[in-house]
Structure formats: structure tokens, C-alpha cells
Amino acid sequence: MKKVYPILVAFLIVNCTIYFQFNPSFAASSMSSPFDAERIQPGFNFAVVGDMGCSSMAQKVINHINNKTPKLILALGDLSYQRSNADCWLNIVSPIESKMKIVLGDHDYESDFLLKQYKSYFNLSQEYYSFNYEKVHFIALATEIPFDMKSSQYNFIKNDLEAVSKNSEIKWIIVFSYRPQYSSPTKHPGNADIRAIYHPLFEKYQVDIVLQAHNHNYQRTYPLNYNQVESSSPIVTDNNPKTYEDPVAPLYITVGTGGATLHKFKGKESYVAAQYLGFGFLDISITNNSRNLTGTFYDSSDGTIEDHFTVIK
């Protein structure tokens, strides 16, 4: 019996050697290296939605988001539409609240209790802040408190952008906010004061995406540079409808589609690449070692895809 083991080992060595000689692709795929680990690094996705409330449609949108298993959810303000207590909305978002980051809209300031409830629940010491997730830097811009160049918020965001611009690990910068800087004709126009202060700053530090709400519809602009002469007519830097390679100008995306009554369009601005009237959310995936950003807007009424775009670095 003792002689069987050396013979068996020899047999296995010979056969494995022959197999790998004739199947080099298997041998290569079975070996890993630091480069291979970097090459196959998994990405992540996050969801974006604003203007929700406590309706059955808001519940449907939240369920749809949860089914996509995002790592983060960005809530763009006007969260519950309640005057004194947000419990109904907090119950709806309970399955995803641990992954949620918020900004506040005008309806979120209906009472001191309501404001304190949001800030306490989401552990906010102030309404503006920033954080990193993997290779993405997120900035929460608070549009309902002072944001002018003399404000503490402006200094925070300016210094934050300056610091992150020197961080080679960060590949994307995404701002999420409430009031829109740009919009097609609908309920609320783009806010000239916010864009005059922040669009040049975002352009300087190469912010990639600015997320906004307040208008209860979906809109996505082309990459836009600020127009010093007429700020309501921004400069389109790439008019491809769906794919952008190193655009060096931010896309502005409105996602006020979380369940509150929709705002009909009265037209479409020339700088808007896509717009849609319906309830749903935007899912953004960061893939290919953080080189690709892909956005998909889903209608939560029937699950259809109503917009799809890619930014490549």
C-alpha cells in the first residue's frame, strides 16, 4: 500500500502538466496578481430621487429602489410634505434609511420640530456636508440656507473642492442639492443666484454631475459651461445625446420624481438632452475601475427605462 501513493502523485503531476499545456487559458485564469485584482475591481451603484411624500406612489418608488440594491441613496429634498411630523415618510424609507443621505427642500422647513426630526434621524449637524464612497466624492449643497460667497457654506464647499482636487484617489465629484440651477420650462425656473455662484466653481474644479429636484419631473442636460453673458443660456460642450468622454463640464440632472404630484413641461430648453414626465428614480453605476459612470432612469409605474447615458474617463 505504501508504494501506491508515490505512483498516484506522479500520475497526477503528469496529467496536470499535460492539461495545462493544452489549456493555457485555464492556467492563466487560475493565476491572480495585483494587476488582475485591480482590473476586476467591482463597481457600485447608487440611487437618486427627490420630492417624495407619503403616497402609495412614493412607497412604490422606494420599493423599486430597494430592489436595485444600491449602496447609497441620495434624497434630494421635500422628503415627507408633512407640516409637523415626518413619521409616515420615515416608515416608508425604513428599508433603505441606513444607506440614505439627504438634502432638505423648502417643505422640510415647515416647522422647527420637522427640521429637528430630519437632522436628528440622519445625524446632521449642519445641512451641507461632504463624504467619499470608494472613488467618488459627494457634496451636499443646501439651497434653503445662506449659500452666497460670504456664507460659511460657500467657504466650506470651495475649500472642500480645492482639497479633493488634489486627491488622486477621487475619480468623480457629484453634487446633490434641491433647487435647480437649470430647467426646461415647467413649475420652477432655474435659480440664477445659485448658478451664478456655484456653476463657475463647479466648472473650475471639474464637478461631473449636479443632481437637483424641486421640479417634479426628470431632466438631464448636456455637459454645460457657465455663460457669463447670459447665464440662463449655458454653453453646451458636447451635444451627443447619450455618451460623453472626458466632458470637463458638469451635467445637471433633475430627479423630482419620487411621488409628489408631477409638474408638466411647457417646452424643452436646447441645452436639455432628455426629459420625462413620470414617477421613478435615477440609478447611477460606477464601473470599469471607476472609469465609467452610467445613469439609468427607471419609471417605477412599470419598470421601463426612460433615459440612459454614460460618461467615460
Side-chain angles (χ1 to χ4, degrees), residues 45-111 114-115 117-118 121-122 143-144 176-180 183-188 211-220 252-266 268 272 274-285 295-309:
N45 69 305
F46 62 95
V48 183
V49 70
D51 298 287
M52 286 169 269
C54 295
S55 68
S56 59
M57 180 52 71
Q59 178 74 72
K60 194 168 187 176
V61 172
I62 294 302
N63 290 344
H64 195 183
I65 289 173
N66 197 29
N67 289 340
K68 294 294 179 182
T69 61
K71 299 296 185 182
L72 292 170
I73 299 97
L74 305 180
L76 305 181
D78 279 2
L79 305 175
S80 70
Y81 285 90
Q82 302 301 301
R83 292 185 176 274
S84 59
N85 189 303
D87 285 354
C88 64
W89 180 76
L90 293 173
N91 289 334
I92 288 173
V93 301
S94 59
I96 59 173
E97 59 85 15
S98 64
K99 299 185 287 186
M100 185 174 277
K101 301 290 186 179
I102 70 167
V103 291
L104 300 171
D106 57 347
H107 290 287
D108 301 321
Y109 290 82
E110 291 283 354
S111 69
L114 190 65
L115 178 60
Q117 186 178 21
Y118 289 131
Y121 197 87
F122 291 98
T143 62
E144 305 309 295
F176 61 111
S177 61
Y178 172 65
R179 290 187 187 269
S183 178
S184 279
T186 183
K187 179 76 171 180
H188 305 292
L211 300 165
Q212 50 195 26
H214 196 31
N215 282 321
H216 302 175
N217 47 53
Y218 174 80
Q219 304 178 47
R220 173 176 59 84
Y252 286 79
I253 306 176
T254 299
V255 196
T257 52
T261 303
L262 295 172
H263 295 159
K264 293 181 180 180
F265 292 106
K266 302 173 185 176
K268 183 180 180 183
V272 172
Q275 61 187 39
Y276 177 71
L277 189 65
F279 298 107
F281 70 99
L282 177 65
D283 184 80
I284 294 180
S285 296
T296 305
F297 182 83
Y298 291 98
D299 186 315
S300 292
S301 299
D302 55 14
T304 56
I305 293 173
E306 298 298 340
D307 186 36
H308 186 79
F309 65 94

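Start at 1 with the first residue, then count along the sequence.
Distance check: K264 NZ to K187 NZ gives 12.5 Å after rounding to the nearest 0.5 Å. Summarising the geometry, atom OH belonging to Y121 is positioned 11.0 Å from atom CD1 belonging to I102; distances are rounded to the nearest 0.5 Å. The structure places CG of D87 at 9.5 Å from CD of Q82, a figure rounded to the nearest 0.5 Å. The line from OG of S80 to CG of N85 is 8.0 Å long, rounded to the nearest 0.5 Å. The distance from the CH2 atom of W89 to the CD1 atom of I62 is 7.5 Å, given to the nearest 0.5 Å. Expressed to the nearest 0.5 Å, how far CG of N45 lies from CG of L72 amounts to 9.0 Å.
Annotation: side chain of D307 is not in contact with side chain of Y276 (no heavy-atom distance under 4.5 Å). At least one side-chain heavy atom of Y218 sits under 4.5 Å from a side-chain heavy atom of I253. Contact check for K68 versus I65: no side-chain heavy atoms found under the 4.5 Å cut-off. When side chains are defined from C-beta on, I305 counts as touching Y298, because their heavy atoms get closer than 4.5 Å.
Using modelled atom types, one side-chain atom of D51 and one backbone atom of H214 make a donor-acceptor pair closer than 3.5 Å. With Q219 contributing its side chain and S184 its backbone, the two residues share a donor-acceptor pair below 3.5 Å. Side chain of D283 to main chain of T296: no donor-acceptor pair is present (N/O by atom type, distance under 3.5 Å, no hydrogens or angles). A donor-acceptor distance shorter than 3.5 angstrom exists from the side chain of Q117 to the backbone of A86, with no hydrogens or angles considered. Formation of a donor-acceptor pair under 3.5 Å by the H263 side chain with backbone atoms of H216 is found in this model. At least one donor-acceptor pair closer than 3.5 Å links the side chain of S177 to the backbone N or O of L211.
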Could you go through the side-chain contact (heavy atoms from CB on, under 4.5 Å) check for L262 and F279 one step at a time? CA-CA 8 Å; L262 295 172; F279 298 107; 3.7 Å; yes
Give the intermediate values and the outcome of side-chain hydrogen bond (donor to acceptor under 3.5 Å, both in side chains) for residues Y81 and D78. CA-CA 6 Å; Y81 285 90; D78 279 2; 3.3 Å; yes
Which is it for F281 and L74 under the side-chain contact (heavy atoms from CB on, under 4.5 Å) test, yes or no, and what are the steps along the way? CA-CA 10 Å; F281 70 99; L74 305 180; over 6 Å; no
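Among the candidates T257, D299, N217, T186, the single residue satisfying the side chain to side chain contact (heavy atoms under 4.5 Å, CB included) test with L277 is N217. With T254 as reference, Q212 is the one residue of H188, R220, Q212, Q275 to meet the side chain to side chain donor-acceptor pair (under 3.5 Å) rule.
Atom NZ of K99 has more than 12 heavy atoms from other residues, nucleotides or ligands within 6.0 Å. Atom NZ of K268 has more than 12 heavy atoms from other residues, nucleotides or ligands within 6.0 Å.
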Show me the donor-acceptor pairs, under 3.5 Å and distance only, between side chains in residues 52-61 and residues at least two apart or in other chains.
{"unit_1": "S55", "atom_1": "OG", "unit_2": "M57", "atom_2": "N", "d": "3.4"}
{"unit_1": "S55", "atom_1": "OG", "unit_2": "A58", "atom_2": "N", "d": "3.1"}
{"unit_1": "Q59", "atom_1": "NE2", "unit_2": "N63", "atom_2": "OD1", "d": "3.1"}
{"unit_1": "K60", "atom_1": "NZ", "unit_2": "S301", "atom_2": "O", "d": "3.4"}

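Counting all heavy atoms, side chain and backbone alike, S111 lies closest to S84 at OG-CA, 3.8 Å. The two residues P180 and A213 make their nearest non-hydrogen contact at CD-O, 3.5 Å. A pairwise comparison of heavy atoms in D108 and V103 identifies OD2-O, 4.3 Å as the closest pair. G280 and S300 make their closest contact through CA-OG, 3.5 Å (heavy atoms, listed as atom of the first residue, atom of the second, distance).
Under the 3.5 Å distance criterion, with hydrogens and angles disregarded, a donor-acceptor pair is assigned to the side chains of N215 and S183. Side-chain atoms of E306 and T304 include a donor-acceptor pair closer than 3.5 Å.
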